[in-house]
There are 2 protein chains.
Amino acid sequence: MTKPKEVTIYDLARKLNVSIATVSRALKDDPVVSKKTKKKIFDLAEEMGYRYNHFARNLREQRTYTIGVIVPRLNSYFMSTVIAGIESVANNEGYTLIISQSSETAGKEITNAKTMFNNRVDGMLVSLAYDTDDISHFDQFIKKNIPLIFFDRVNDHPECTSVQIDNRKSAYEATTHLIAQGCRRIVHITATPKRNVYIDRLAGYKQALADHQIPFEEKYLLINNLSQEAGVQAAAEILQMNPLPDAIFAANDNCAVGCMIALKKAGIRIPADIAFVGFNNDPVSTVIEPNLTTINYPGYKMGEMAAASLINHLNGVNSIDATNTILLRSELIIRASSQKIISDSE
Amino acid sequence: MTKPKEVTIYDLARKLNVSIATVSRALKDDPVVSKKTKKKIFDLAEEMGYRYNHFARNLREQRTYTIGVIVPRLNSYFMSTVIAGIESVANNEGYTLIISQSSETAGKEITNAKTMFNNRVDGMLVSLAYDTDDISHFDQFIKKNIPLIFFDRVNDHPECTSVQIDNRKSAYEATTHLIAQGCRRIVHITATPKRNVYIDRLAGYKQALADHQIPFEEKYLLINNLSQEAGVQAAAEILQMNPLPDAIFAANDNCAVGCMIALKKAGIRIPADIAFVGFNNDPVSTVIEPNLTTINYPGYKMGEMAAASLINHLNGVNSIDATNTILLRSELIIRASSQKIISDSE
DNA sequence: TGTATCAATGTAACCGATTACATTGTTTTT
DNA sequence: AAAAACAATGTAATCGGTTACATTGATACA
């Protein structure tokens, strides 16, 4: 284990008979240093294989140029797309990401938050776990003026910006679309209404029913963890209903797909017997047959927006209070799984 | 923007009338400090909201407890699963991840490598981009004794460990399975055979053909980027073939799925007319109809192994030279898309 | 009782940058 | 030609830990 010594600004300064201050200034392209000196320094740095020591700077500047990201899960299509968006912006702006997953548990989320805090991230991007009730583990950031932006699974915190879509409106559109197809007994499958995304979707669903004089029925509300397997189980419950529902609006595509597969296996025709709408526009939605009607969710854009907004805050472009909520456009994508009218006439 | 001052070991030392050395030792639970003193220090640290400054340590120790991860794409099921595995191990061991994506281009991979290098990662985990020919951008790490582990898309570098599956064997099994189903005109869809994964799968495919006295035919080899859209295009090419092939072995599930959808639309029956085998065991493989036979790819495990192996190196548990290649178990999962014999009898 | 041993703590150099303030030499102004 | 203005560079303190080496005081041993 030889440990080749690192080249520092001291080495460069000594070789060129200038001070470390000049070297430091030259390396950050400070206009106060003459062009000639700069060139000498740049060339020598290149030649000697100098590399910048971020830790020295961070120690001195009390900044880290690091952004902490906490997501519920890394291995979901939606989340990895968001992260790809975040990464592209952060990378461009010279920020480094520390990414961790809460695995949908509040406990791990708290641990992760602590790690991020101790790593002195300059800012945080967070999407909350299913079962996080209390968000006091983020108070430490707020207390230290570390900007915190929630995305997707947000929390209505007075000091934080959030980036999301209009879940309520999207759910309203999805449900209205089903009603327009003649559906009246519409099941909604969703997760525990703790997180905004599920609360809002449920609200949109109820509103659409109300606006069309369809009473909301508790029995048509199925709560699970929205996994594909949960969709299969939901299908079993649905098959017990009498009369059968004529439509299902699931709060994500994965669950919808699991449910569709199970129902098809049971001989249900989709959409003729039961129409389907999902949420997210996950790639599986165009693989399942019939293709799944869903809400397009701009994940990459969401990542870009969240990161850009955070970095703007960090650079002092706009104050953290200026923006409360950034709403991204989302839209209903109508595919075969919900088109009763056309499919009946086929 | 008030900037509340940070509590440091100096503050703790002053309050307790001990030296910073004692505080530093106590905080890392050095047995040389008496229990009583330790308790005092811990309690005060808690009370005053002390937080550890990693940068000061990193600056002093010349270590960063950071691992750099470069992947071709973040938003693929396989990769995000691998990263989830890496994250879980790294987090447990107190390491932080810096993750970036090459977007499948050598150029961005080089930039990312430079960023990682300048961030002084303690080690690297890399999966190469499609079009990386020359891997000299990783020499800087090797020169500085920074361990580098490749996973999945590996490079046969004499100084690096690689974590992968036996692609050749898996492809051999997949092809042999198709031959056992009576297939003789087997198309192989894959990416440019630059990366080991594609080279090895092609080799396995060819070997299986040879072992069953089936001549390899160039026209049955389709090269594309393995996206779902590329699968659709491949379907168009396949429909031009006369006679039609009787099986397709695709180097990933996404491409297989795109191809299946397009062929089905054209009236081809699967597996009766054309049998299908994919690669990766992506979730879509159980959504597509018929369900896709594929190779199970232990992504999470691969991430865990790669991270654990790297951290072992870093902790000096085993030398970097000790291990050359770690092969993970993978297996053929037979589903309906390839079962000609059974499906004919249905 | 004198000395060796040891536990507990302290001193101070060091890691590699940034930057306020000081200094030097040159040009411009009057 | 002296004073003012300015461009270029230097000096030295600072960020918050780690740790080799030194010191202190108590106990064990002969």
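Keep in mind the model is a prediction, meaning the values are calculated, not measured. Every chain is numbered from 1 and lettered A, B, ... according to where its sequence line falls, protein lines coming before strand lines.
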For the side chain of [X], starting at C-beta, report the closest nucleotide among [options].
{"X": "A:N53", "options": "C:dT9, C:dA17, D:dT9", "answer": "C:dA17"}
{"X": "A:S19", "options": "C:dA8, D:dT11, D:dT18", "answer": "D:dT11"}
{"X": "A:V32", "options": "C:dT18, C:dC14, D:dT9", "answer": "D:dT9"}
{"X": "B:R60", "options": "C:dA13, C:dT9, C:dG16", "answer": "C:dA13"}
{"X": "A:R57", "options": "D:dT18, C:dC15, C:dT18", "answer": "C:dT18"}
{"X": "B:K28", "options": "C:dA17, C:dT9, D:dT19", "answer": "D:dT19"}
{"X": "A:Q62", "options": "D:dG16, C:dA12, C:dT19", "answer": "D:dG16"}
{"X": "A:E61", "options": "C:dT18, C:dC15, D:dT9", "answer": "C:dT18"}

Mind checking if [X] touches a base, just sugar-phosphate, or nothing, with heavy atoms under 4.0 Å?
{"X": "B:S34", "result": "sugar-phosphate"}
{"X": "B:I20", "result": "base"}
{"X": "B:S24", "result": "base"}
{"X": "A:Y52", "result": "sugar-phosphate"}
{"X": "A:D11", "result": "nothing"}
{"X": "A:N17", "result": "sugar-phosphate"}

Rounded to the nearest Å, what distance is computed from the [atom1] atom of residue [X] to the [atom2] atom of nucleotide [N]?
{"X": "A:L27", "N": "D:dT9", "atom1": "CG", "atom2": "P", "result": "14 Å"}
{"X": "B:D30", "N": "D:dT18", "atom1": "CG", "atom2": "C1'", "result": "11 Å"}
{"X": "A:L59", "N": "C:dT18", "atom1": "CG", "atom2": "C1'", "result": "10 Å"}
{"X": "B:L16", "N": "C:dG10", "atom1": "CG", "atom2": "P", "result": "10 Å"}
{"X": "A:R51", "N": "C:dA17", "atom1": "CZ", "atom2": "C1'", "result": "15 Å"}
{"X": "A:R63", "N": "C:dA17", "atom1": "CZ", "atom2": "C1'", "result": "16 Å"}
{"X": "B:Y65", "N": "D:dG17", "atom1": "OH", "atom2": "P", "result": "15 Å"}
{"X": "B:I9", "N": "C:dA12", "atom1": "CD1", "atom2": "P", "result": "16 Å"}

Here's a test of your reading of the structure: between B:T22 and A:A56, which maps to the more 5' nucleotide of DNA chain C?
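The residue closer to the strand's 5' end, by nearest nucleotide, is B:T22.
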Is the ring pair B:Y65/B:Y95 parallel, tilted or perpendicular, if the boundaries are 30 and 60 degrees?
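Geometry flag for B:Y95 against B:Y65: tilted rings.
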Does the side chain of B:N58 come under 3.5 Å of the side chain of B:T64 through a donor N or O and an acceptor N or O?
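Note: B:N58 and B:T64 side chains miss the donor-acceptor criterion.
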Select from A:R25 and B:T8 the residue whose nearest nucleotide in DNA chain D is closer to the 5' end of that strand.
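On the 5' side of the pair lies A:R25.
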Report the distance from atom OG of B:S162 to atom CG of B:D152, rounding to the nearest 0.5 Å.
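CG of B:D152 is found 10.5 Å from OG of B:S162.
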Considering all heavy atoms, the nearest B:P72-B:S102 contact:
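Shortest heavy-atom contact: CA-OG, 3.3 Å.
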At under 4.0 Å, does any side-chain N or O of B:Y10 touch on OP1 or OP2 of D:dT14?
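No, because none of the side-chain N or O atoms of B:Y10 sits under 4.0 Å from OP1 or OP2 of D:dT14.
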Would you say the rings of B:Y77 and A:Y77 are close, in the sense that their centroids are separated by under 6.0 Å?
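No - the distance between ring centres of A:Y77 and B:Y77 does not fall below the 6.0 Å cut-off.
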Donor-acceptor pair, distance only, cut-off 3.5 Å: does the side chain of A:D30 make one with the backbone of A:V33?
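Not confirmed, A:D30 side chain does not pair with A:V33 backbone.
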